[in-house]
J.: 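First the structure, which I've put down as structure tokens, then a few questions once you've had a look.
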Number of protein chains: 4
Amino acid sequence: MIITLDFESKDAIYTQIIQQVIIGIAKGKLQPNDPLPSVRSLASDIGINLHTVNKAYQQLKQDGYILIHRQKGVVIHPDGVKKADSAYIESLKQTLKPIMAEAVCRELKEEELISLYKEVLHEFKKGDG
Amino acid sequence: MIITLDFESKDAIYTQIIQQVIIGIAKGKLQPNDPLPSVRSLASDIGINLHTVNKAYQQLKQDGYILIHRQKGVVIHPDGVKKADSAYIESLKQTLKPIMAEAVCRELKEEELISLYKEVLHEFKKGDG
Amino acid sequence: MIITLDFESKDAIYTQIIQQVIIGIAKGKLQPNDPLPSVRSLASDIGINLHTVNKAYQQLKQDGYILIHRQKGVVIHPDGVKKADSAYIESLKQTLKPIMAEAVCRELKEEELISLYKEVLHEFKKGDG
Amino acid sequence: MIITLDFESKDAIYTQIIQQVIIGIAKGKLQPNDPLPSVRSLASDIGINLHTVNKAYQQLKQDGYILIHRQKGVVIHPDGVKKADSAYIESLKQTLKPIMAEAVCRELKEEELISLYKEVLHEFKKGDG
DNA sequence: GTGGTCTAGACCACT
DNA sequence: GTGGTCTAGACCACC
């Protein structure tokens, strides 16, 4: 699992780590029980502060993506993430709303958007691999 | 045009104003040349500082959504927004990637996602009158 | 002499009037002793406030471009404008400096700039006509 | 990099900061990746409010001159500014028009103007090292 | 009345 | 320490 950071992004470093782990899981590159690097080694590898990595891991643990064992280290959660519930669906809609609104204002057609959407989606093969 | 704010949101207030204006345009509720409330009156109406409204308006102006006439006030840009170019398409994909990745991890099926996506999209009727 | 205004310009209306009169003189379209419309008629023609036209005319008078006779109306100054002195030259340099700096940053070559510069200059034929 | 302000100038303070940074880049005094002072330290150094500096920096960022890292501070953009396009060329002509018109009215000859122009230009050595 | 600018002071997230 | 955001209050130019 390679984490690549964009230090010029508006997203915080810890947010980028979280996103990349989630993307890794969605792509099937990270399977349940797969180990993740320790806080210390990941921080060292990508040249950032321990606290930053720790914050990302704590958030991932909180969201059910990973398990943190004191001795055994960090692994992808064996049971997977909790499934989408109605609250999540609603928040997803609210997230997509302004993004889609801008796309509509820029005159992207529905077919173009659906196509672009599927293109992004098909990078993810969780369960296929 | 009604602006509703969520003061508990993690999105900045000025960001929420921007999004609501863009959504208003996408829905066709705000048409080219429609006036927007003045900085002072909007700030007063929604109970925030005029600088916060001004920041939102400046950003909307920068992105081509509105025109700001020094004395005459603010109107929706008569020529519409600049169309989607390849740079925008790419940034849109990058924006969608982590959102979709989470949805995939939560085991939303492609059909469910496309359906949800269309549901959001069909709130917008720009061009339909 | 036709005055065309851009109500979306960042320049004030009265500034635009001033500039257009000066450009008219530089182009030779406005010759010494040529009459200008009265404050009242110009304001009416272009649909703006009397005060705005008056402010422009007062400034033009102040700078020696025009004469305002109480009864005879407004005419281009018969003696021309006061010539460039060292103070003017210096202020002109300071004005050009940031404009040229931006052009250099955008990698316009010296030949391109000189060419562009001459192109603008050759619109003006004062003394040729 | 020394920023000097003219508090009597008609140009806004934040505009003067922007211009001085652009001039610094054009002169080659500010190279890609060179750090700029933090918002707070520059504000303190030149005795103005940090918001005024921030406004200048935000504009410079918007125009592609600098990058603002959330924690690491501000640097000159490593990739340079976006090159001159036809829209820029047109706006440059419109900017020069009234300036040149006044110069012509003051009977500056073409040779004098070109000479003055080159004098300003030759202060800038971007690319010469 | 409008937006443009500047100041002053505060709290927050991130590293 | 950094920038990001928000508030509060002031003065200005323009119309």
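Just so we're on the same page: letters track the sequence lines, and every chain starts at 1.
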J.: Minimum heavy-atom separation for B/I89 to B/A84, with atom names?
T.: CD1-CB, 4.4 Å

J.: Closest heavy-atom contact between B/Q20 and B/I3?
T.: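 Where B/Q20 meets B/I3 most closely, the heavy atoms are OE1-CA, 3.6 Å.
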
J.: Tell me the closest heavy-atom pair linking B/L92 and A/I99, and the distance in Å.
T.: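 Smallest heavy-atom distance, with atoms named: CD1-CG2, 3.4 Å.
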
J.: How many whole angstroms separate atom CD of B/Q58 from atom P of E/dC6?
T.: 13 Å

J.: Quick one: B/Y57 OH to E/dT5 C1', roughly how many Å, whole number?
T.: 19 Å

J.: Ignoring hydrogens and geometry, is there a side-chain-to-backbone donor-acceptor pair from D/Y88 to C/A103 under 3.5 Å?
T.: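 Flag set: sc D/Y88 to bb C/A103 pair under 3.5 Å.
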
J.: By nearest nucleotide on DNA chain E, pick out whichever of D/F7 and B/S41 is the more 5' one.
T.: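 Result of the comparison: B/S41.
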
J.: For the pair made of CD1 in D/I18 and C1' in E/dG4, what is the distance, rounded to whole Å?
T.: 13 Å

J.: With 3.5 Å as the limit, what N/O pairs link the protein to nucleotides 13-15 of chain E?
T.:
residue, atom, partner, partner atom, Å
E/dC14, OP1, A/Y14, OH, 2.8
E/dC14, OP2, A/K55, NZ, 2.4
E/dC14, O2, D/Q71, OE1, 2.8
E/dT15, OP1, A/I13, N, 2.7

J.: Reading DNA chain E from 5' onward, which residue's closest nucleotide shows up sooner: B/G73 or D/L50?
T.: B/G73

J.: Taking C-beta and beyond as the side chain, do B/I2 and B/T4 meet within less than 4.5 Å on heavy atoms?
T.: yes

J.: Just checking, is any N or O donor in the side chain of C/S38 or C/S41 under 3.5 Å from an acceptor N or O on the other one?
T.: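 On atom types as modelled, these side chains qualify, holding a pair under 3.5 Å.
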
J.: With a 3.5 Å cut-off and just heavy-atom distances, do the side chain of D/R40 and the base of F/dG1 make a donor-acceptor pair?
T.: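 No, no donor-acceptor pair under 3.5 Å.
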
J.: Just the rounded figure in Å: distance from P of F/dG3 to CG of D/L42.
T.: 10 Å

J.: To the nearest angstrom, how far is D/H69 atom NE2 from F/dG1 atom C1'?
T.: 16 Å

J.: Whole Å only: how far is the NZ atom of D/K10 from the C1' atom of F/dC11?
T.: 19 Å

J.: Could you check how far CD of D/Q16 sits from C1' of E/dG4, rounded to whole Å?
T.: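 That distance rounds to 15 Å.
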
J.: Can a donor-acceptor pair be found between the side chains of D/E90 and D/Q94 at a distance below 3.5 Å?
T.: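 Indeed, the side chains of D/E90 and D/Q94 share at least one donor-acceptor pair under 3.5 Å.
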
J.: Among residues at least two apart in sequence or on other chains, which ones pass salt bridge (charged side-chain N to carboxylate O under 4.0 Å, His left out) with B/K93?
T.: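 Salt bridge (charged side-chain N to carboxylate O under 4.0 Å, His left out) check on B/K93 returns A/E119.
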
J.: May I ask you to verify if any side-chain N or O of B/N54 is less than 4.0 angstrom from the OP1 or OP2 atom of E/dG4?
T.: yes

J.: In whole angstrom, give the distance that lies between atom CD1 of D/I68 and atom P of F/dT5.
T.: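 Rounding to the nearest Å, CD1 of D/I68 and P of F/dT5 are 11 Å apart.
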
J.: Can you name the closest pair of heavy atoms from B/Q58 and B/I68 and give their distance?
T.: NE2-CD1, 4.0 Å

J.: Starting at the 5' end of DNA chain F, what dot-bracket string do you get if Watson-Crick and G-U pairs under 3.5 Å are bracketed, crossing pairs use [ ], other-strand pairs use | and unpaired bases use dots?
T.: ||||||||||||||.

